[in-house]
Amino acid sequence: EDDFQFILCEGCRQESPNLKLLTCLHTLCLGCLSKNKPLGQCPVCQTAIPQASDIPDTDNLLFASLQARLKVYKKIVDGVDLFCDNCKEASEFWCSECEEFLCTKCFQAHQHYLKRENHEAKRLMDIRAGSAKDFIKGTRRTGHLSCSNPTHTSETVRPHSTYCRKCEKPLCCSCALLDSQHAFFCDIRSETLRRQEELGIMSQELKQKRSSFEATYAALQDEAVRLEQVQQEMRELIRQRVEQLVRLIRQEEEELLGLVEAQQEQGRQEVVRELQRVEGVLRRMEAGERLVEKMSLYATEQEVMDMQPFIKDSLEQLQQLQPPATGDRAQPGDLAECRARLQAL
């Protein structure tokens, strides 16, 4: 159910029987932990993963237990292969303390022999009618810790039994009575409640501290938004200024092209006029040379006497003409003004 999505691996969001609790309090499966170990940081909060060992020693016992209990709940809801763990008949009950399915007959024997143990076996139909959260809460155990003495493997510490605060370990009754090294006893329930209260107090203190971190986080988010806004505004300003410069350059381009066209047209017209004048002089010279040649060949004395003064005056006028000096006149086609404006631009 959605209420228990938190028991999944926080890296791949999949169920895993081997969940490891990191020092940053995030839970990863072995696959995600092995994948992120070379990176040296948690994939959720980027906190450094301890390099003392390849895999952390701390198993997330709570999440592993919840996964196991949810599998039992799913099996009960699905109603598949629900047989008594003792006689293999169809089961009707489930004992969370024994972790066994029981038929009606075995249930009666179970209740008779274990009535002092406060084992509460529930009907499967009642479990199906409830939610997964109700089932998990109903299967929450209150005791059955093993004795810390390795030679007492069969001894269990019952609820309201003994806990040694000096050793910080649970003890069976034999160890509590016979071992003189132990002292400062209390019952397991008191120690469990004390530890829960200790975690609760630390959690409240962290909540108070968290508010300051949240304020800092909000301030950093605002700063990030402000920086993004400033960057966006600067980008827009740059774009506008560049567009303005482009328009100015385009305008200057049009003006310079117009100036080049005007100066070139003026220079072209002047050259055309000069060409026409020089061409006219050349034609007059050709005509004079041709006329003198023809007169020397074909003219009579009377014709020479009559025409010579006029031709002489014309030739003298041609002799007085000088070709235009190309270096002295203005050169409209050198585009000096355009070059100067381009250099300034």
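Numbering of residues begins at 1 and proceeds along the displayed sequence.
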Contacts of E293 that satisfy salt bridge (charged side-chain N to carboxylate O under 4.0 Å, His left out) - sequence neighbours left out
none

From L257 CG over to E255 CD, what is the distance, rounded to the nearest 0.5 angstrom?
10.5 Å

Transitive ILVMFWY side-chain link V44 to L62, under 4.5 Å:
no

Contacts of L8 that satisfy side-chain contact (heavy atoms from CB on, under 4.5 Å) - sequence neighbours left out:
Q5, R13, E15

Among E270, Q269, R268, find the one that has a side chain to side chain contact (heavy atoms under 4.5 Å, CB included) with V272.
R268

Give every donor-acceptor pair under 3.5 Å between a side-chain atom in residues 222-230 and any protein atom, sequence neighbours left out.
residue	atom	partner	partner atom	Å
E223	OE1	R226	NE	3.3
E223	OE2	R226	NH2	2.7
Q229	NE2	E233	OE2	3.4

Can you sort out the partners of R283 under side-chain contact (heavy atoms from CB on, under 4.5 Å), two or more places apart, ordered by chain and number?
E279

Could you check whether any side-chain heavy atom of L248 comes within less than 4.5 Å of a side-chain heavy atom of Q251, counting everything from C-beta outward?
yes

Report the residues that fulfil salt bridge (charged side-chain N to carboxylate O under 4.0 Å, His left out) with E252, sequence neighbours left out, ordered by chain and then residue number.
R341

Got a list of side-chain donor-acceptor pairs under 3.5 Å for residues 234-242, not counting sequence neighbours?
residue	atom	partner	partner atom	Å
E236	OE1	R239	NE	3.3
E236	OE1	R239	NH2	3.4
E236	OE2	R239	NH2	2.2
E236	OE2	Q240	NE2	3.3
R239	NH1	E243	OE1	3.4
R239	NH1	E243	OE2	2.6

Below 3.5 Å, can you tabulate the donor-acceptor pairs from side chains in residues 80-89 to any protein atom, sequence neighbours excluded?
residue	atom	partner	partner atom	Å
D85	OD2	F101	N	2.7

Please round to the nearest 0.5 Å and tell me the distance separating atom CD of E10 and atom CG of N60.
9.0 Å

Tell me, please, which residues at least two apart from A68 pass side-chain contact (heavy atoms from CB on, under 4.5 Å).
none

Would you please name every residue forming a salt bridge (charged side-chain N to carboxylate O under 4.0 Å, His left out) with R247, sequence neighbours left out?
none

Nearest-0.5 Å distance that lies between atom CD1 in I136 and atom NZ in K133
11.0 Å

Locate the shortest heavy-atom distance separating I7 from L19; write the atom from each residue and the value.
O-CD1, 3.4 Å

Over all atoms of both residues, closest heavy-atom pair of C42 and H26
SG-ND1, 3.7 Å

Would you please classify the geometry between the F107 ring and the F93 ring as parallel, tilted or perpendicular, with 30° and 60° separating the classes?
parallel

Among all residues two or more places apart in sequence or in another chain, which pass the salt bridge (charged side-chain N to carboxylate O under 4.0 Å, His left out) test with E198?
R194

G79 to R128 - nearest heavy-atom pair and separation
CA-NH2, 4.1 Å

Quick one, L102 and S91 - any side-chain contact, counting heavy atoms below 4.5 Å?
no

Students should find that the hydrophobic cluster of L291, defined by side-chain heavy atoms under 4.5 Å apart, otherwise consists of V281, M285, V292, M295, V304, M307, I311, L315, L318, L321

If every non-hydrogen atom of A90 is compared with every non-hydrogen atom of C103, which pair is closest and at what distance?
O-CB, 3.4 Å

With sequence neighbours left out, which residue pairs that include part of residues 303-325 fulfil the salt bridge (Lys or Arg N to Asp or Glu O under 4.0 Å) condition?
none

Are side-chain heavy atoms of L66 and F6 found at a separation under 4.5 Å?
yes

